[in-house]
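Reading through the C-alpha cells given below for one structure.
Residue numbers start from 1 in every chain, and the chains themselves are labelled A, B, ... in the order their sequence lines are given, proteins ahead of strands.
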Amino acid sequence: MNILKNTFGKEEKLCSEKDIENLYKVGSSFLNHPIVFYYLLMPDLKDTQVLVSVSKKKFKNAVDRNLIKRRLREAYRLHKFALTHKYHLALVYIGNEMLPYQQIERSVTQGLERIAKG
RNA sequence: AAAGCAAGCCGGCUUGUCGCUGUUUGAGAUCGCAAGAUCGAGAAGAGAGGAAAGUCCGGGCAGUACAGAGCACCGCACUUCUUAACAGGAAGGUGCUGUCAGCCUUGGCGGACAGCAACGGAAAGGGCCACAGAAAAAUACUACCAUCAACUUCGGUUGUUGGAAAAGGUGAAAAUGUGAGGUAAGAGCUCACAGGUCUGUUUGGCAACAAAUGGAUCGGGUAAACCCUGCGGACUGAAAGACCAAAUACACCCCAAUGAAACGGCUCGUUUCGCUAUAGGGGAGGGUAGGUUGCUAGAUCCUAACGGUGACGUUAGGGUUAGAUAAAUGACAGGUUAAAACAGAACCCGGCUUACUGGCUUGCUUUUUUC
RNA sequence: GGCGCCGUAGUUCAAUGGAUAGAAUAGAAGUUUCCUAAACUUUAGAUAUGAGUUCGAUUCUCAUCGGGGCCA
C-alpha cells in the first residue's frame with residue numbers, strides 16, 4: 001500500500017485538447033447527481049488522466065468554481081484506487097448550488113465504483 | 001459611558017494527518033571514455049486582495065505604420081500646483097443650497113460654518129422651445145391713441161391708414177425691477193436708485209478673480225442637441241511579441257539509374273510493362289501539436305529628518321523570491337468566547353468606481369453620571 | 001485577459017426630448033353556441049436599477065446590474 005500514494009500530480013491531469021475532444025465524442029457517460037462522469041478505457045496509459053469542470057453560467061464567482069473543483073479533485077485523490085484499469089476521465093459538476101464536501105465525496109465514490117465494475 | 005455621523009487602519013491566528021505549484025539542496029538511477037545531460041525519493045523555506053472585481057481613466061512595455069502640415073473622427077474644459085501620466089489628487093476662485101447669529105425691516109443685505117458643482121462660448125451662426133397663450137425672440141390678436149371715411153338716437157358705432165409695445169395671467173420661461181417725469185397714447189424716451197453684460201484705468205494676487213472708478217449697453221432658455229474656441233490623441237493589445245520544433249500532408253530541390261518482369265545455366269539478344277512517370281531515400285521551407293521566453297526588483301514598500309498651507313518632493317536607514325498555463329492554498333479533526341463578510345493573481349504599475357464581516361483609532365453632535 | 005453591442009407589456013417589435021408610452025399575439029371577463037373553435041366587446045399588464053442635464057427623459061450624460069457577440 002505504501003507504493004500507492006494519494007498523490008495528484010501533473011501526469012494525472014488531462015490537458016490535451018485532442019484527448020478531451022475524443023473523450024467527449026467516443027467515451028461513455030452517466031449521471032450520478034450532481035456529477036456527470038465521462039470515461040474511456042485507455043490500457044496503454046501510465047496513469048489515469050482526469051479533468052474537472054464547473055460551468056461558469058451556474059457559478060458566477062471564480063471563488064465558488066475554484067472551491068467546487070478543489071473538492072472534486074480532493075474526493076478523486078482520496079478514492080482513485082477504486083479504479084482497476086487506466087482511463088481518460090472527466091468529472092463535470094452540473095448542480096445548481098454549492099454542496100458540502102461529504103455529499104460530493106459520496107457521489108464521486110459511487111461513480112468510480114460503477115466505472116470499475118464496467 | 002452610550003448612540004449617531006465623518007475620516008483613517010486592520011481584513012484572522014494556531015496544532016496534527018493527507019495532498020497541490022515554484023525555488024534551493026539532493027540519496028540514487030539511466031546514457032556517456034570523459035566533460036556533462038536526463039529522471040528523481042527525501043529535506044528546507046515560500047505560496048492571492050483591500051478591493052486581486054468592474055474594465056471607467058492614465059501610463060510603462062511590445063508589435064505594425066509613419067517626410068512635414070492640414071481636414072475628418074474621438075476625448076477634455078474656472079485657475080495654479082502635483083505627477084511618468086491622468087477625466088485622479090491638493091490648494092484657491094466663482095456660483096448654488098442649508099444652518100447659525102446680526103442689521104435695516106418684512107424681504108433684502110453683508111458675515112461665519114458645512115455641503116454640492118461636466119464651472120469656456122447663447123453678443124459667430126442657424127435649429128428647437130409640446131400644451132396653454134396675442135406673442136416663445138424683434139412677433140402684433142384684442143384692447144389703447146391719432147387721422148380719414150361712412151352711419152348716428154350726437155353718447156358713440158363700424159371700417160381704412162398709421163403710432164405704440166405700457167394692459168391681457170397663459171406658461172417652466174414674457175422683453176431688467178421700483179418710483180418720478182414725459183406723451184395724442186406710450187415706451188430706458190429721460191432722470192434717480194438697484195441689478196446684469198461688455199470694456200478702459202488703478203490697486204491686490206503667479207493666475208482664476210476681487211475692490212475702486214469711468215464709458216457703452218439692457219440682447220429669454222437650450223451647447224449633457226448641432227456648432228464655435230482652446231488643448232490633447234497614429235493604430236493594436238501578453239490570445240502582443242521573440243525563439244525551438246515531433247508526426248503527417250503539401251509545393252520545391254537533389255540522389256539512386258542504361259528501370260522492372262518473363263524466356264535463358266550466364267552474357268548478348270527478344271517480348272511485355274514502365275518508357276519526362278510512379279514508388280523509395282535525403283535536403284531545405286513556412287508552420288500545427290507541444291515546449292522555452294516575455295514573467296516578475298518595481299514611477300516598489302516602511303520609518304525618520306528636512307522643504308511645502310497641502311497633494312507631494314529630497315535625503316538617510318531598513319525591508320522585499322506568488323508566477324500558475326484547463327490554471328497551484330484544499331479535506332478531516334481540534335484550540336482561540338466567535339472566525340464568520342465581500343471575494344481568487346494571469347504582463348506590470350498610478351488612480352476612480354462598486355461589494356463587505358467584526359473590530360480599533362481620531363474628530364464632531366446629543367444624552368446621562370462623577371469631580 | 002482584451003474589445004465593441006444591446007436591455008420597452010408574458011412574448012415579438014414600434015415610438016423627432018413633448019399630452020395618458022403604441023401594435024400584434026398570449027392572459028382575464030363577457031356576447032354568440034347544446035359544448036368547443038372562430039368572430040365581436042371590454043379589461044389588466046411594461047421603459048433593467050440609481051443619480052444628473054432640461055420646464056419636461058424610453059430618448060441625452062454618468063454609475064451599477066444583466067444578456068449575448070468577437071479575438072487563440
Side-chain angles (χ1 to χ4, degrees):
Chain A
M1 196 60 193
N2 284 340
I3 304 165
L4 299 175
K5 302 223 173 193
N6 290 327
T7 57
F8 190 64
K10 249 183 199 171
E11 298 78 17
E12 302 179 49
K13 291 175 188 169
L14 181 57
C15 302
S16 165
E17 265 184 64
K18 283 185 184 173
D19 290 345
I20 292 169
E21 269 183 42
N22 191 46
L23 171 61
Y24 282 130
K25 260 189 213 165
V26 180
S28 316
S29 69
F30 62 89
L31 168 69
N32 185 10
H33 192 80
I35 304 167
V36 175
F37 290 78
Y38 292 86
Y39 64 100
L40 186 61
L41 188 63
M42 303 290 283
D44 299 334
L45 278 181
K46 190 178 163 199
D47 286 305
T48 295
Q49 293 186 327
V50 182
L51 79 85
V52 161
S53 169
V54 181
S55 167
K56 194 174 183 179
K57 287 197 180 172
K58 307 228 175 182
F59 296 94
K60 292 284 175 196
N61 289 335
V63 168
D64 299 336
R65 290 197 299 275
N66 276 346
L67 185 55
I68 290 174
K69 283 158 75 176
R70 280 168 185 156
R71 284 175 173 167
L72 286 174
R73 272 200 297 267
E74 183 71 11
Y76 170 79
R77 182 177 72 80
L78 293 175
H79 298 97
K80 66 179 183 178
F81 298 111
L83 295 177
T84 51
H85 299 287
K86 307 301 181 191
Y87 297 92
H88 278 166
L89 189 62
L91 309 180
V92 180
Y93 191 89
I94 59 159
N96 283 322
E97 66 274 341
M98 300 279 296
L99 289 179
Y101 173 74
Q102 284 82 6
Q103 288 189 34
I104 293 175
E105 185 183 32
R106 198 169 62 230
S107 175
V108 168
T109 311
Q110 291 169 355
L112 291 179
E113 283 170 0
R114 185 166 160 184
I115 291 173
K117 282 183 202 163

Would you measure the distance from the [atom1] atom in [N] across to the matching atom in [M] and give it in whole Å?
{"N": "C:U49", "M": "C:A57", "atom1": "C1'", "result": "16 Å"}
{"N": "B:A225", "M": "B:U202", "atom1": "P", "result": "43 Å"}
{"N": "B:A338", "M": "B:U357", "atom1": "C1'", "result": "12 Å"}
{"N": "B:G344", "M": "B:G54", "atom1": "P", "result": "7 Å"}

Are the charged groups of A:E74 and A:R71 less than 4.0 angstrom apart, N to O?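 Not counted as a salt bridge, because no side-chain N and carboxylate O are separated by less than 4.0 Å.
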Could you tell me how far apart [X] ([atom1]) and [N] ([atom2]) are, to the nearest whole angstrom?
{"X": "A:K69", "N": "B:G344", "atom1": "NZ", "atom2": "P", "value": "13 Å"}
{"X": "A:R65", "N": "B:A327", "atom1": "CZ", "atom2": "P", "value": "13 Å"}
{"X": "A:D64", "N": "B:A341", "atom1": "CG", "atom2": "P", "value": "11 Å"}
{"X": "A:L91", "N": "B:A326", "atom1": "CG", "atom2": "P", "value": "17 Å"}
{"X": "A:L72", "N": "B:G19", "atom1": "CG", "atom2": "C1'", "value": "16 Å"}
{"X": "A:Y76", "N": "B:C20", "atom1": "OH", "atom2": "C1'", "value": "15 Å"}

For a quick test of reading the model, state the closest non-hydrogen atom pair linking [X] to [Y] and the distance between them.
{"X": "A:A82", "Y": "A:A116", "answer": "O-CB, 3.3 Å"}
{"X": "A:L112", "Y": "A:H79", "answer": "CD1-O, 3.4 Å"}
{"X": "A:Y93", "Y": "A:V54", "answer": "CB-CG2, 4.1 Å"}
{"X": "A:Y38", "Y": "A:S29", "answer": "CD2-CB, 3.7 Å"}

State the pairing partner of [N]; accept Watson-Crick or G-U wobble contacts with both distances under 3.5 Å, and report none otherwise.
{"N": "B:A331", "answer": "B:U17"}
{"N": "B:C5", "answer": "B:G363"}
{"N": "B:G120", "answer": "B:C228"}
{"N": "B:U178", "answer": "B:A192"}
{"N": "B:G310", "answer": "none"}

Given A:L72, A:V92, A:I68, the one that forms side-chain contact (heavy atoms from CB on, under 4.5 Å) with A:V52: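 Only one of A:L72, A:V92, A:I68 forms a side-chain contact (heavy atoms from CB on, under 4.5 Å) with A:V52, namely A:L72.
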Taking the side chain as every heavy atom from C-beta outward, state whether [X] and [Y] have any pair of such atoms under 4.5 Å apart.
{"X": "A:Y76", "Y": "A:L89", "answer": "yes"}
{"X": "A:H85", "Y": "A:L41", "answer": "yes"}
{"X": "A:R106", "Y": "A:Q102", "answer": "no"}

Once you apply a heavy-atom cut-off of 4.0 Å, does A:R73 come out as touching a base, just sugar-phosphate, or nothing?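 Result for A:R73 = sugar-phosphate.
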When you compare the protein's N or O atoms with those of nucleotides 331-334 of chain B, which come within less than 3.5 Å of each other, and at what distance?
unit_1: B:A331; atom_1: OP1; unit_2: A:R71; atom_2: NE; d: 3.4
unit_1: B:A331; atom_1: OP1; unit_2: A:R71; atom_2: NH2; d: 3.4
unit_1: B:C332; atom_1: OP1; unit_2: A:Q102; atom_2: NE2; d: 3.2

Could a donor-acceptor pair under 3.5 angstrom be found where the side chain of A:R70 meets the base of B:G344?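 Yes.
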Can you tell me which stems involve RNA chain C, if a stem is defined as three or more consecutive Watson-Crick or G-U wobble pairs, both distances under 3.5 Å?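 The stems that RNA chain C takes part in, listed by first number, are C:1-3 with C:69-71, C:5-7 with C:65-67, C:10-13 with C:22-25, C:27-31 with C:39-43, C:48-52 with C:60-64.
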Those residues that, when tested against A:E113, pass side-chain hydrogen bond (donor to acceptor under 3.5 Å, both in side chains) (two or more places apart):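 A:E113: no side-chain hydrogen bond (donor to acceptor under 3.5 Å, both in side chains) contacts found.
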